[in-house]
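On a predicted model such as this, the values are computed, not experimentally measured, just so you know. Protein chains get the first letters and strands the later ones, always in sequence-line order, with residue 1 at the start of each.
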There are 2 protein chains.
Amino acid sequence: MAEAPGGEGLLYLTDEQLRKGIEAMFFAYRGFTADPDRILETMDYGRAHHRAVHFIHRSPGTTVSNLLAILAVTKQSLNRVLRTLIDEGHVRVEKGKVDARERHLYLTARGSELERALSDAQRARMRAAYRAAGPQAVQGFRQVLEAMMDPEMRVQYSRLKDGA
Amino acid sequence: MAEAPGGEGLLYLTDEQLRKGIEAMFFAYRGFTADPDRILETMDYGRAHHRAVHFIHRSPGTTVSNLLAILAVTKQSLNRVLRTLIDEGHVRVEKGKVDARERHLYLTARGSELERALSDAQRARMRAAYRAAGPQAVQGFRQVLEAMMDPEMRVQYSRLKDGA
DNA sequence: TTGGAAAGTCAACAAGGCTGACATAAATTC
DNA sequence: GAATTTATGTCAGCCTTGTTGACTTTCCAA
């Protein structure tokens, strides 16, 4: 293998390699969202609904402000999406017992069905990609993605990663 | 190392592992776009402008329909973005010499400056992530992303990957 | 009891997707 | 040469999902 200019095997850090990584992210992210998007549009939902449903499924009973922190949107924006999910029977709200100001969010049976459909579609692609690339590649994939996150988001991610 | 239920080392294909990969993509993509986004908003541009500038830089002289295929948006949507880039002197248009219906797109000096600023910001984060994860991880990262793309997009990506 | 946090709501706005319709110039085909 | 197709641009109108600002209600805690 040829060595980098500095002679330290840093060829993978050239601008050219980085640019390829950037384009890989762009094209892959489109694939990543394509399958759930197709399901969502049949029911007049968008990606914002998917995200809300995903994280409510992941952390049942999470509060609105928790969700705001994870999704990094304004409460007005989140509220609009939650409103439709609640009105259409996908999400159930419970007033907090300890702190009654808080609203705890849960998926209904219908909501769980939707979540299942969405994540099945997304996981199928992810599984195919994982299988094609192999376990070692997957480990690298996760390492690079984690390093790419903002530190605050790495915390959110780790919280989820290490179990509810 | 523990073996998967099937006894074939497939632990990395469990739903739990796939879900982590899905969330890693979500959080990482936000980091991925955060730095250029900050630059863009100072000049009333959005991600759509970034994408156009990126691919015109990548393939100088590319046509409008080429760009439409790569970006996978409607011509009306692209045109709106292209219009502002041209009007504000970031992109130059040239009528095709072989086929005069075609419009060939180039970055102006100003446009190149903008491209530089945007990609410097994005590459800095990518470089840090690459460095933190190491060359082997980067290889896996690219393998998984490539496997995650839609086949048509993998073609687009490979075209770019293998030189102009 | 009062200040402030959590949550919700209303209004208004913007970016950037979309569709459909239509115009024009140039190339291609018949 | 006429008809058709292709590449592009543009107008109008719509949607989702983001934004800010203002205001209310609820309710915990000092």
Practice prompt. Just say parallel, tilted or perpendicular for the rings of Phe55(B) and Phe27(A), cut-offs at 30° and 60°.
Written response: tilted
Report yes if at least one side-chain N or O of [X] is closer than 4.0 Å to OP1 or OP2 of [N]; otherwise report no.
X	N	value
Asn79(A)	dA7(C)	no
Arg51(B)	dG16(C)	no
His49(B)	dG16(C)	yes

Under 4.0 Å between a Lys/Arg side-chain N and an Asp/Glu carboxylate O for [X] and [Y]?
X	Y	value
Glu23(B)	Arg58(A)	yes
Arg154(B)	Glu152(B)	no
Asp37(B)	Arg47(B)	yes
Asp15(B)	Arg19(B)	no
Asp120(B)	Arg125(B)	no

query = Step by step, would you call Arg142(B) with Gln17(A) a side-chain contact (heavy atoms from CB on, under 4.5 Å)?
reply = CA-CA 10 Å; Arg142(B) 290 268 299 275; Gln17(A) 289 299 310; 3.3 Å; yes
Rounding to an integer number of Å, can you tell me how far [X] [atom1] sits from [N] [atom2]?
X	N	atom1	atom2	result
Glu102(A)	dG8(C)	CD	P	11 Å
Arg30(A)	dG17(C)	CZ	P	10 Å
Leu85(B)	dA15(C)	CG	C1'	14 Å
Glu41(B)	dA15(C)	CD	P	12 Å
Leu82(A)	dT9(C)	CG	P	10 Å
Leu78(A)	dA7(C)	CG	C1'	11 Å

Using a cut-off of 4.0 Å on non-hydrogen atoms, how would the nucleic acid contact of [X] be classed: base, sugar-phosphate, or nothing?
X	value
Thr74(B)	base
Ser77(A)	base
Arg47(A)	sugar-phosphate
Arg80(A)	base

Would you say the ring centroid of Phe26(A) lies under 6.0 angstrom from that of His54(B)?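 No: the rings miss the under 6.0 Å criterion.
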(message) Between the base of dA7(C) and the side chain of Arg101(A), is there a donor and acceptor pair under 3.5 angstrom?
(response)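 Result: no qualifying N/O pair found.
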Next item on the list: Go through the N and O atoms of the side chain of Gln76(B) and the base of dG16(C), and report whether any donor-acceptor pair is under 3.5 Å.
Entry: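 Result: no qualifying N/O pair found.
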Per the under-4.0 Å heavy-atom filter, residues of residues 88-95 of chain B near DNA chain C come out as Lys95(B)
Q.
Nearest heavy atom decides the nucleotide; on that basis, is Asp99(B) or Lys75(A) closer to the 5' end of DNA chain D?
A.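 This one resolves to Asp99(B).
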Quiz prompt | Gln76(A), CD atom: more than 12 neighbouring heavy atoms under 6.0 Å | solution = yes
Any side-chain heavy atom of Leu114(A) sitting closer than 4.5 Å to one from Tyr45(A)?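 Result yes, sub-4.5 Å side-chain heavy-atom pair found.
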Contacted region of DNA chain D by chain B, from 5' end to 3' end of the hits, cut-off under 4.0 Å to heavy atoms, spans dT6(D) to dC11(D)
